[in-house]
Amino acid sequence: MPLVSVHELLSKAEQKGYAVGAFNANNMEIVQAIVTAAEEERAPVIMQASQGAISYAGLEYITQMVTIAARQATVPVALHLDHGTGFDQVVRCIRSGFTSVMYDGSKHPLEENIAVTKQVIAMARPVGVSVEAELGKIGGTEDNVHVDEREAMFTDPEEARYFVEQTGVDCLAIAIGTAHGRYKGEPKLDFDRLKKIRDLVNIPLVLHGSSGVPDDAIRQAIQLGIRKINIDTNIREAFVNEMRRVIAEKPDEIDPRKILGPARQAAVEIIREKIRLFGSSGQA
Ligand code: G3H
Ligand code: 13P
Ligand code: ZN
């Protein structure tokens with residue numbers, strides 16, 4: 001079927017109280033793994049392209065691979081720009097065929113983040129493309145920030161209310177204790193903050209840096225209004241660990257397909273697990 005918008009997927013998730021998995025698509029095998037996992041679970045799914053993926057594979061390749069995967073699929077698939085850098089990139093992605101975009105203005109002052117998010121919405125909404133924004137700073141596990149420093153970057157609930165009121169954005173990524181990449185210890189999520197945000201903001205909320213977050217914390221976050229959950233690192237780990245295992249077992253193997261095929265299957269398995277955890281199995 002044709003690509004759908006994230007707005008459409010999250011509205012249904014909101015009504016029924018589950019979350020949709022947003023998985024980073026970095027190459028053909030991972031695109032295939034995401035769509036296979038979604039088909040096997042009969043789940044709606046979001047494929048997203050990061051800055052790294054766009055510079056690695058190229059925008060046209062990503063768009064075409066995901067569009068073909070969606071066309072062959074019998075479950076709804078959306079194509080989303082992850083951490084978009086600005087208005088120009090958003091325009092390029094929409095022209096290319098993306099059905100949803102994130103504009104990440106979290107490193108800019110609040111009013112500037114609001115102004116650019118509004119420009120993006122003014123351009124995207126008339127063509128049916130949904131928009132995600134970010135408030136607070138999510139950062140990376142490698143950023144070496146102290147817990148107190150990280151807390152200072154968490155999303156302020158009142159600011160979230162003001163931001164949503166000013167922009168009318170479709171969904172909002174919030175900083176409540178997760179970070180991109182592999183965690184050193186166990187991440188602690190600020191559920192009180194999530195609850196406060198949820199009480200003040202009436203749109204689907206997005207959790208970034210969700211790889212390595214304990215299952216119970218994910219379930220609680222969904223109960224408190226998280227509707228889109230971003231996963232990249234866990235797929236990379238599953239994929240590359242399986243490549244390493246095959247290469248170690250068969251050091252003379254020179255056919256990439258014999259290495260990438262099992263890696264693709266390992267990715268299918270971890271994505272299926274996440275889809276089940278998010279409650280989106282059977283919701284296609
Ligand atoms: O949001 C961050 C993604 O997990 C990774 O981004 O593909 O640009 O390294 P990257
Ligand atoms: P992880 O790589 O930590 O799963 O984060 C993914 C993400 O938030 C992409 O935007
Ligand atoms: Zn992210």
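One-based numbering, in listed order, for ligands and for the atoms of each. Here, residue 1 is the first one in the sequence, and each next residue gets the next number. The figures here come from the full heavy-atom set of this structure, side chains too, leaving out hydrogens, waters and symmetry mates.
Cluster annotation: I68 is not connected to I46 through the hydrophobic network of ILVMFWY side chains, with a link wherever side-chain heavy atoms come within less than 4.5 Å. The cluster map of Ile, Leu, Val, Met, Phe, Trp and Tyr, joined by side-chain heavy atoms under 4.5 Å apart, puts V101 and I114 in the same cluster. Linking ILVMFWY side-chain heavy atoms closer than 4.5 Å, directly or via other members, places M102 and I121 in two distinct hydrophobic clusters.
When each atom of ligand 2 is checked for a heavy atom of N24 under 4.0 Å away, the hits are 9 (C). Below 4.0 Å from some heavy atom of H180 lie the following atoms of ligand 2, by number and element: 3 (O), 5 (O), 6 (C), 7 (C), 8 (O), 10 (O). For ligand 2 and I231, the ligand atoms under 4.0 Å from any heavy atom of the residue are 4 (O). Atoms of ligand 2 found under 4.0 Å from any heavy atom of H83, numbered from 1 in the order shown, are 10 (O). Shown in contact with D232 at under 4.0 Å from a heavy atom are these atoms of ligand 2, numbered in order with element: 1 (P), 2 (O), 4 (O), 6 (C). Near H208, the atoms of ligand 2 lying under 4.0 angstrom from a non-hydrogen atom of the residue are 8 (O), 10 (O).
Salt bridge status for K12 with E8: absent, with no side-chain N to carboxylate O gap under 4.0 Å. Using a cut-off of 4.0 Å between Lys/Arg side-chain N and Asp/Glu carboxylate O, R219 and D216 are scored as salt-bridged. Contact check on E14 versus R198 returns a salt bridge, with a Lys/Arg side-chain nitrogen under 4.0 Å from an Asp/Glu carboxylate oxygen. Using a 4.0 Å cut-off between charged side-chain N and carboxylate O, R276 and E273 make no salt bridge.
With the Zn ion (ligand 3) as the vertex, NE2 of H180 and ND1 of H208 span 120° to the nearest 10°.
Here the options are D104, N230, I229, I174, the test is side chain to side chain contact (heavy atoms under 4.5 Å, CB included), and the partner is H208; only N230 passes.
Minimum heavy-atom separation, K228 to A22: CE-CB, 3.7 Å. Scanning both residues, L172 and A160, for their nearest heavy atoms gives CD2-CB, 4.1 Å. Shown here for P44 and V20, the closest heavy-atom pair between the two residues is O-CG1, 3.8 Å.
Note: an N/O pair closer than 3.5 Å links N230 and ligand 2 by distance alone. Considering backbone and side-chain atoms alike, D232 places an N or O below 3.5 Å from some N or O of ligand 1.
Under a 4.0 Å heavy-atom criterion, A179 is in contact with ligand 2.
Protein heavy atom in closest approach to atom 9 (C) of ligand 2: D82 OD2, 3.1 Å. Protein heavy atom in closest approach to atom 4 (O) of ligand 2: S211 OG, 2.5 Å. Atom 7 (O) of ligand 1 has S50 OG, 2.5 Å as its closest protein atom, hydrogens excluded (heavy atom only). Protein heavy atom closest to atom 3 (O) of ligand 2, with residue, atom name and distance, is G181 N, 3.0 Å. Ranking the protein heavy atoms by distance from atom 8 (O) of ligand 1 puts G52 N, 2.8 Å first. In terms of protein heavy-atom proximity, atom 2 (C) of ligand 1 is nearest to H180 CD2, 3.9 Å. Considering only non-hydrogen protein atoms, atom 1 (P) of ligand 2 sits nearest to T233 OG1, 3.5 Å.
No part of T233 comes within 4.0 Å of ligand 1, judged by heavy-atom distances. The residue Q48 has no part lying near ligand 1, judged by heavy-atom distances below 4.0 Å.
Using bins of under 30°, 30° to 60° and over 60° for the plane-to-plane angle, the ring pair Y103/H108 lands in the parallel bin.
Looking at G209, A22, G140, P187 and measuring to atom 8 (O) of ligand 2, the nearest heavy atom belongs to G209. Of all the listed residues (Q51, R236, H83), R236 holds the heavy atom that lies closest to atom 5 (C) of ligand 1.
The Zn ion (ligand 3) lies closest to atom NE2 when only the N/O/S atoms of H83 are considered.
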